Amino acid sequence: MTGQIAVEALSEKEAQGELARLAKVLGVANRAYHVWDAPEISDAEYDALIARNAAIEARFPKLKRADSPSEQVGATPADGFTKVSHAQRMLSLGNAFDAGDIAEFDARIRKYLGVEAAVPIEYTSEPKIDGLSLSLRYENGVLKQAATRGDGVVGENVTANARTITDIPEEITDAPDVLEVRGEVYMSHADFEALNARQAVKSDKQFANPRNAAAGSLRQLDASITKARPLKFFAYAWGDLSAPLAETQMAAIERLAALGFATNPLTKLCRNVEDLLAHYAKIEQMRATLGYDIDGVVIKVNELALQRRLGLRSTTPRWAIAHKFPAELAWTRLEAIDIQVGRTGALSPVARLHPVTVGGVVVSNATLHNEDYITGRDSKGAVIRDGKDIRVGDWVQVYRAGDVIPKIADVDLSKRPKDAVPYVFPVTCPECGSDAVREEGDAVRRCTGGIICPAQAVEKLKHFVARAAFDIEGLGSKQVEQFYSDGWIAEPADIFTLQERFGQGMQQLKNREGWGEKSAENLFKAIEDKRRIPFARLLYGLGIRHVGEAASNLIAREYIRWQEFEAAMIRAADESSPEWARLLGIDGVGEVMARALTKAFAQEAERAGIDRLVAHLAVLDAERPDTSGSPVAGKTVVFTGTMEKMTRAEAKARAETLGAKVSGSVSAKTDLVVAGPGAGSKAKKAAELGIETLDEDGWIALIGEA
Ligand code: IVH
C-alpha cells in the first residue's frame, strides 16, 4: 500500500500513483473474489479501496485511467457459467450522500440540458434494493435468457436458475418482441433467517447477510439448489428493446407491472428536489420495517427523452443517482498499527481493529493515512480531532460511508489505557531495514531500499503480472508471493526462465500446495503466451513511478518501437536535448513523469533489470491511432458561439466520446471549428487559418445524429 494521504491533500502526481496502485490492487481483488471465489481482502477493505479510487477520480477527473476500477463493474465472470454479452451494458450508479449532493445532481442535469430553474424537471424516486442485478431477455414474450451483471459488458448465464424464481414470469403478453427487463434479485429478512437456520441444522455454511445469501443462491451451478432458496425479484429498468415501453420512467415501470413483474410500491414521482428529499426521508423511516435490505434510494429523470439526451458516462448514467443512507459509526479498540510498504516504497499506517460491524460490514482494518494523521494533524499541518493523537490500545471511532474509506474519525481519551504511549512512526523500513525518508512537501515517508526491499520487490512483481500489464493467467498476487518467498522469482525476468529452471519434471512446483500437473502446465503456457507483449503493456508493467497505463499508451504511440523508445530515453536524460523536449511534448507527460522515465533508464541496476527482462520478450510495436471509426477521432475540435440543439457540455461530451479532443482556443492545431450564432473572434481566426468550420447542423450531420 502506498501512503493513505487524505484525498483532499493529494498532489496530482500522488493521485496518479494512487490510482495506478488502486487499479492494480482492485484488479487482483476483483478476480480473487469473483473468479477464484477466494477473496484476498475483506469486503470492508475492498469497499474502502473502491471508495478511495472514486474520491481521487472525482478530484482529478483527468487522471482517470483506462483500466480504472470504477470502469469495472464487478469482475469478469467465473468459469462455471457460460458467458453472455449484454446487448446493452448493465450500469452502476453514482452516489449522493446529502441534500447538497441532490441539489447538485439537479443543477448538473439542468446545466447539461440547458433547463432553467423555473422549469420543472420530474424525477422518480424508489428504494435501492441491496441485492444483485439481473437482466432477463424475453423474445416474443418468452423468457430466453437471464444474465448477471458480471463486469457490465459480459455476465453469467443463469437462465436455469432465474426460471426457479417465482417473481420472474416465464411468459409475458403484449410485450415488445424483444424486451430485456432488469431488476434486483434479493432475499427477504424472514427468508434469510430461515435459510440460515436450515443451513445450521445441516451444518452448512452461514450467510453473512441477505445479499450474500441471494448472490450465493443465484450463482449455483445446480439450479435445483436455487429452486430451494426463496429468491425474489423487483423490476426497475430495462435493456435492449424492440419498441419503447413508454415515454416516462414512471409509465415504463407501470408497464412492467402490467406485464406481470413485481415493481417496488414505494416508487414515487417527484417534482423537485424538496419532493426528492421528503421521499428519501420517508423511505429511510420505513427502512427497518420493509422486510428486505435497502441501502438508499435511486433517483431517475422521469422523461425518457431527457434520459436519452443526458446519456451515459462510462459506467453510470447521467440521469440517475443513488442517494445513500448515511455513514455508520462504531467504537472499537485499536489493537495495533501496522506499516505496509508499497511498490514505490511508501510506508502507510494501517489500523488493526478489534472487528466491529459498521453499516452491515465487519471492519477490522482502517486507514490511518500517514504519520501526521496519527499525531492529530492533516498533511498541511492543521489540527484535526482537536489535536488528539491515536495510540495503540485507544478506543477509536470507525467511520464508513459509501464513498469514504473506513477511517478512524475520533478517539475517546477517557478510555485511554494508562500505559498507552504515543505512536512512533518508523524511520526505517519495517520490511528491509533501509532508511525511510520523508521528502519536503511529501506527506509520505518512503523506503529507500529500492529492489533490495522485499515488499517493494513483491509489489513490483504483483504490478507486473496485473491485468493491465502482463496479465499472466494463474500468476496472481498470491502465487507471486509464494514464488518470491520460495526464491523462485525475484524480478520480472525470472518469470520467463521459470520453466527452464524447473526442468521437465516440474516436481518442485507440483509438490507445492495448490499446484498439480495441469495447473503447472497451464501456468507455463500462460507465461509463454506473454512473451509477445505490446509495447504499452511492457512499459506499464515495469511499474515506473508516475507511469500509469494511460501514459504508457500515449508514450507507446509516440515511439512505436520499444528499441527506439529505450534509445530515446537514454538521450532524453540530458534535459537540454531534443529528445527531452519530445518526451515532454507528449500530451499527458509532465516533467515529473519524464524524469522518472529517464531516471529508470539511466540507473544501472534498474536498466539492467529491464534489459534482462526484454531479452526474453518479443515486444510488439504500438499501433498508430486508428482514426477510421469515427469522423472526428483524434481531431481537435473547438466549439464557439451558441448551440441551440444541445448545451456546450453535451456537445463536448459527445465529441469526446467520439474520440475528439475539445479545445477552448483556435490554433494551427485545430482541425474543426463548430460555430453557432454569436461566434466572434474564434470563428474569424479559424477563417484566417483556413480551418474547416461547421454550424451546429453541419456538426450533427457529421457525427451522424439527426
Ligand atoms: S437502476 C441505469 N434502480 O444498484 C441504472 N438500480 O449501485 C441501473 N439497484 O447496478 C440501475 N435498486 O444493481 C436501479 N431501484 C433501483 C435499484 C438499483 C438496486 C442496484 C443495481 C445497480 C446498483 C448500482
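Each ligand, and each atom within it, is numbered from 1 in the order the structure gives. Since the model is a prediction, treat every value here as computed from it, not as a measurement. Keep in mind that the numbers below use all heavy atoms, side chains included, and drop hydrogens, waters and symmetry copies.
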- request: Would you mind checking which non-hydrogen protein atom is closest to atom 19 (C) of ligand 1, with the distance to 0.1 Å?
  value: I129 O, 3.1 Å
query: Is a side-chain N or O of H86 found less than 3.5 angstrom from the main chain of D240, in a donor-acceptor match?
result: no
message: Below 30° counts as parallel, above 60° as perpendicular, anything between as tilted: where do the rings of Y280 and H323 land?
response: parallel
- prompt: Quick check: does L132 get an N/O under 3.5 Å from an N/O on ligand 1?
  reply: no
- prompt: Centroid-to-centroid, F105 to Y112, below 6.0 Å?
  reply: no
- prompt: Will you find, in the side chains of N161 and T226, an N or O donor that is under 3.5 Å from an N or O acceptor?
  reply: yes
- prompt: Would you say A237 and ligand 1 have an N/O pair spaced under 3.5 Å apart?
  reply: no
- request: Classify the contact between P127 and ligand 1 as side chain, backbone, both or neither, using a heavy-atom distance cut-off of under 4.0 Å.
  value: backbone
Neighbour count >12 (heavy atoms, 6.0 Å) for atom CD, Q199: yes
W319 N/O to ligand 1 N/O under 3.5 Å: no
task: Heavy-atom distances under 4.0 Å are what count here, so tell me which part of R182 touches ligand 1: side chain, backbone, both or neither.
output: neither
Candidate with minimal heavy-atom separation from atom 18 (C) of ligand 1, of F234, Y236, Y186: Y236
field: CG (D222) with more than 12 external heavy atoms under 6.0 Å
entry: yes
message: Please report whether ligand 1 has a polar contact with P317, defined as an N or O pair separated by less than 3.5 Å (distance criterion only).
response: no
- line: In ligand 1, the atoms that come under 4.0 Å of a heavy atom of E126 are 3 (N), 15 (N), 16 (C)
Residue and atom name of the nearest protein heavy atom (relative to atom 20 (C) of ligand 1), distance in Å to one decimal: E184 OE1, 3.4 Å
task: Using a cut-off of 6.0 Å, state whether more than 12 heavy atoms not belonging to K64 lie near its atom NZ.
output: yes
- prompt: Under 6.0 Å between the ring centres of Y236 and F261?
  reply: no
message: Quick test: of every protein heavy atom, which one is nearest to atom 10 (O) of ligand 1, and how far off is it to 0.1 Å?
response: R149 NH1, 2.6 Å
- prompt: For R163 and L143, which heavy atoms make the closest approach, and how far apart are they?
  reply: NH1-O, 3.3 Å
Per-atom contacts of ligand 1 with L91, taking only distances under 4.0 Å to non-hydrogen atoms: 2 (C), 10 (O)
query: Just which atoms of ligand 1 are under 4.0 Å from any heavy atom in L93?
result: 5 (C), 6 (N), 7 (O), 24 (C)
- request: Report the member of Q307, K128, K324 with the shortest heavy-atom distance to atom 4 (O) of ligand 1.
  value: K128
